[in-house]
Amino acid sequence: MNVIVIILSSCFLFSIVIQSQFLSDSEVQLRVLQEISAYNKEKIPIDKRSLSVYYLPSAVSADDSIDIIKNNLKVFVGAVLSHKRTAKHQAFYIFCIGGGEDNILNQYLPYNATNVAFIKTSIAHNDLFSHIHMVSLLGETIISKFHSVLFINQDVRGPFVDRVNGEWWKHFIDIMDENPSVALVGPLISCEMAPHVQTHVFAMRSDAVLEIFSEFNPRSSAGKRNRVKHIETTITAETRALGY
C-alpha cells in the first residue's frame with residue numbers, strides 16, 4: 001500500500017509541474033520581453049536572433065499517426081535543447097499547445113529548457129490561425145526585436161542538417177539576408193489551387209510578419225475582408241501583392 005501511495009503522489013506532483021508551465025497571454029509577452037532584455041544585455045544584434053512558434057494540435061485526426069507526430073516533435077525538441085547561449089544565432093521557442101496540460105504529447109516538450117515558453121492555444125485545430133493569434137498577441141514591440149519568425153507544426157520532421165546549436169537557422173536566414181526582397185521562405189511549394197509556399201513550416205522576415213498577417217487577423221478590417229479566402233494560398237498571394 002505504501003508503494004501505491006508514493007506512485008500516485010508522484011504522478012500528482014508531476015501533473016502540477018506540467019500545468020504550471022503553461023503561461024497566460026500576458027505572461028508570454030513578459031517572458032519574451034525578458035529574453036529580449038537578456039539579448040540586449042549580452043549585446044546580441046537583432047540580425048542574430050529569431051523567434052519560433054510551434055503548433056501542436058489537441059487531437060490527432062484519423063488520417064494522421066500519433067507515433068509519427070511524436071517522433072516529429074521529439075526531433076524538433078532535440079534541436080531546441082541543443083541550442084545553447086553560446087550559439088552564433090540565438091532563438092526563442094514558443095510552443096502553442098492545443099488542449100494545454102491535457103495534450104497527450106506533453107511529456108515530450110522541453111520544459112527544462114531556458115529559451116522556451118508554453119501557452120495553451122484556444123485554437124485547437126488550425127495551425128495558421130493559431131500563428132496569427134500569436135503574432136497579434138506579441139505585436140510590433142516584440143516582433144521587431146527579432147530578425148525573423150519561424151512557424152512550424154506537428155507535420156514537420158527536422159531539422160536534420162546543422163541541428164546542433166541552432167546552425168540550421170542559417171538555411172532560412174541566409175536566403176533573406178542575401179535577397180532583401182524575400183519575406184517568405186519555406187522548403188516546399190505546392191501548385192494546388194494556386195502556387196504557394198506550403199505552410200507546415202515557413203519563415204518570415206520580422207518586418208513583414210505583422211504587415212502580412214494583419215490581412216488575416218479577424219479583429220482587423222482586412223481580416224474580415226479575407227475571412228472567406230483559403231488562408232494557406234492567400235499568405236503567399238498577399239506576400240507577393242505587398243511587393244515581396
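Side chains are part of it too, since the values below use all heavy atoms of this structure and drop only hydrogens, waters and symmetry mates.
Ring orientation note: the planes of Phe76 and Trp168 are nearly perpendicular, at an angle over 60° on the 30°/60° scale.
Between the side chain of Arg49 and the backbone N or O of Lys145 there is at least one donor-acceptor pair closer than 3.5 Å. Judged by distance alone, the side chain of Gln90 and the main-chain N or O of Lys84 form a donor-acceptor pair under 3.5 Å. Under the 3.5 Å distance criterion, the side-chain polar atoms of Thr239 are matched with a main-chain donor or acceptor of Ile235. For Ser206 (side chain) and His147 (main-chain N/O), a donor-acceptor pair under 3.5 Å exists by modelled atom type. Looking at Asp155, its side chain never comes within 3.5 Å of a backbone N or O of His200 through a donor-acceptor pair. Distance alone, capped at 3.5 Å, is enough to place a donor-acceptor pair between the Arg205 side chain and the Val182 backbone. Although no hydrogens or angles enter the test, the distance criterion places no donor-acceptor pair under 3.5 Å between the side chain of Glu35 and the main chain of Val32. A donor-acceptor pair is defined here as one N or O able to donate and one able to accept, closer than 3.5 Å; no such pair exists between the side chain of Gln198 and the backbone of Pro187. No donor-acceptor distance shorter than 3.5 angstrom exists from the side chain of Asn153 to the backbone of Val201, with no hydrogens or angles considered. Within the 3.5 Å criterion, the main-chain N or O of Pro57 finds a donor-acceptor partner in the side chain of Asn103.
Annotation: side chain of Phe146 is in contact with side chain of Ile36 (closest heavy-atom distance under 4.5 Å). A heavy-atom distance below 4.5 Å is not found between the side chains of Asp25 and Met134. Counting heavy atoms from C-beta on, the side chains of Ile189 and His196 never come closer than 4.5 Å. Annotation: side chain of Ile68 is in contact with side chain of Arg157 (closest heavy-atom distance under 4.5 Å). Put simply, the side chain of Ile119 does not reach to within 4.5 Å of the side chain of Ile97, judged on heavy atoms.
When all heavy atoms of Pro195 and Thr236 are compared, the closest pair comes out as O-CG2, 4.0 Å. Here the shortest heavy-atom pairing between Leu81 and Ala113 reads CD2-CB, 3.9 Å. Residues Tyr54 and Ile152 approach most closely at CD1-CG2, 3.2 Å, considering heavy atoms. The minimum heavy-atom distance between His89 and Ser50, with the atom names listed, is NE2-OG, 2.8 Å. Counting all heavy atoms, side chain and backbone alike, Gly99 lies closest to Ser58 at N-CB, 3.7 Å. The two residues Val116 and Arg31 make their nearest non-hydrogen contact at O-NE, 4.0 Å.
Aromatic pair Tyr111/Phe118: centroids less than 6.0 angstrom apart. Taking the six-membered ring where the residue is Trp, the centroids of Phe22 and Phe95 are separated by 6.0 Å or more.
Of the charged side-chain nitrogens involved, none lies within less than 4.0 Å of a carboxylate oxygen, so that Glu167 and Arg163 do not count as a salt-bridged pair.
Between the side chains of Ser24 and Glu27, at least one donor N or O lies within less than 3.5 Å of an accepting N or O. At a cut-off of 3.5 Å, with distance as the only test, no side-chain donor of Asn115 or His83 sits close to an acceptor on the other residue. Side-chain atoms of Ser130 and Thr121 form a donor-acceptor pair, as typed in the model, at a separation below 3.5 Å.
With Leu51 as reference, Leu138 is the one residue of Leu150, Leu138, Val135 to meet the side chain to side chain contact (heavy atoms under 4.5 Å, CB included) rule.
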